[in-house]
Each structure stands twice: as C-alpha cells, then as structure tokens.
Amino acid sequence: MEKVTGIGGIFFKCKDPNKMKEWYKTHLGLDTNDYGATFEWREASDTTKEGATQWTPFAADTKYFEPSSKDFMINYRVADLEGLVEELKKEGVTIVDKIETYDFGKFVHILDAEGNKIELWEPK
C-alpha cells in the first residue's frame, strides 16, 4: 500500500498569526491569505495532476495541536486514508480522532512515537 505521498502542510504556533503572515508576505514574498499561504505544484510523474502544500501560522494558545505539546504540526498527503488508518490501528498507532470529510479531502490525526500530533490528508 502506498502510504505518505508528500507533505501537505506545515503548521506552527506563534504569538500573532496575522503579523507573521504579513512579515512573510513583505519579506519573503509569500502570497498570504486568511489560512496562511498555499504553494501549488504539479506531480512530477503526471503533470496533469495538481497538488498543493499549505503553510499556516496558528495562535500560540491554539488547542488544534493537542494532545501534543509541540509548537508545530506536519500534514502529510496520503493516497488511501481509510486503508492507511486501518493498517495503523493494527500496528498500534494512536488515532486521535475519526476521519472527517470536507470539500478539499479527508483528514485524520495520529500521534507519532514521541506524541507529536500528525495530520493525515487524502486530497480530493
């Protein structure tokens, strides 16, 4: 089974997300919006397939990364989220929540060996 296919996003805590978005826009040229910045690209093996990587600053007091106490969370793109979750359960990996489906794909959160929360995303 194909598991992780790439990085879907980088999320991190900061004191002032709006100030951070503006700093990165001004100094590094990121095209920021309410959610941060989206880096669009095409698959190397099939250039007809589009992809995106999300960059998002979160408020320092966000609860979104819990139960992890880290200041970051990585989102990994996956090919078959439901199949992967079943495999991870068999391997004893902690699944934090249930699979949620949105307009832009399916999501679930797991914990790695050190308790870092990881977001898994199967794009539409």
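Side chains are part of it too, since the values below use all heavy atoms of this structure and drop only hydrogens, waters and symmetry mates.
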Rounded to the nearest 0.5 Å, what separation is found between the NZ atom of K3 and the CD atom of E87?
4.0 Å
Heavy-atom side-chain proximity of K25 to E22 below 4.5 angstrom
yes
State plainly whether the residues K98 and E100 are in salt-bridge range, i.e. N to O under 4.0 Å.
yes
Residue set satisfying ring pair (Phe, Tyr, Trp, His ring centres under 6.0 Å) with W41, at least two apart, ordered chain then number -> none
Apart from V96 itself, what residues make up its hydrophobic cluster when side-chain heavy atoms of I, L, V, M, F, W and Y under 4.5 Å apart count as a link, directly or indirectly?
L111
Under 6.0 Å from the CD atom of E82, do we count more than 12 heavy atoms belonging to anything else shown?
no
Contacts table for residues 115-124: side-chain donor-acceptor under 3.5 angstrom, sequence neighbours left out:
from : atom 1 : to   : atom 2 : distance (Å)
N116 : ND2    : D112 : OD1    : 3.3
N116 : ND2    : D112 : OD2    : 3.0
K117 : NZ     : Y64  : O      : 2.6
K117 : NZ     : E66  : O      : 3.0
E119 : OE1    : N75  : ND2    : 2.8
E119 : OE2    : Y64  : OH     : 2.4
E119 : OE2    : H109 : NE2    : 2.9
W121 : NE1    : F104 : O      : 3.0
E122 : OE1    : L81  : N      : 2.7

Do other residues, nucleotides or ligands put more than 12 heavy atoms under 6.0 Å from the CD atom of E91?
yes
Under 3.5 Å, side-chain donor or acceptor atoms of residues 7-20 against the rest of the protein: list the pairs with distances, not counting sequence neighbours.
from : atom 1 : to  : atom 2 : distance (Å)
D16  : OD1    : N18 : N      : 3.2
D16  : OD1    : K19 : N      : 3.1
N18  : OD1    : K21 : NZ     : 3.2

According to a hydrophobic-cluster definition based on side-chain heavy atoms being under 4.5 Å apart (Ile, Leu, Val, Met, Phe, Trp, Tyr only), do M73 and I110 belong together?
no
Please enumerate all residues that pass side chain to side chain donor-acceptor pair (under 3.5 Å) together with S45, with sequence neighbours excluded.
none
State plainly whether one hydrophobic cluster holds both F58 and F107, where clusters connect Ile, Leu, Val, Met, Phe, Trp and Tyr through side-chain heavy atoms under 4.5 angstrom apart.
no
Identify every side-chain donor-acceptor pair in residues 29-38 under 3.5 Å, counting partners at least two apart or on other chains, and give the distances.
from : atom 1 : to  : atom 2 : distance (Å)
N33  : OD1    : Y35 : N      : 2.7
N33  : OD1    : G36 : N      : 3.1
T38  : OG1    : Q54 : OE1    : 2.6

For the hydrophobic clusters of this structure (ILVMFWY residues joined by side-chain heavy atoms under 4.5 Å, transitively), does one cluster hold both L84 and I99?
yes
Supply the atom-to-atom distance T5 OG1 to Y76 OH, rounded to the nearest 0.5 angstrom.
12.0 Å
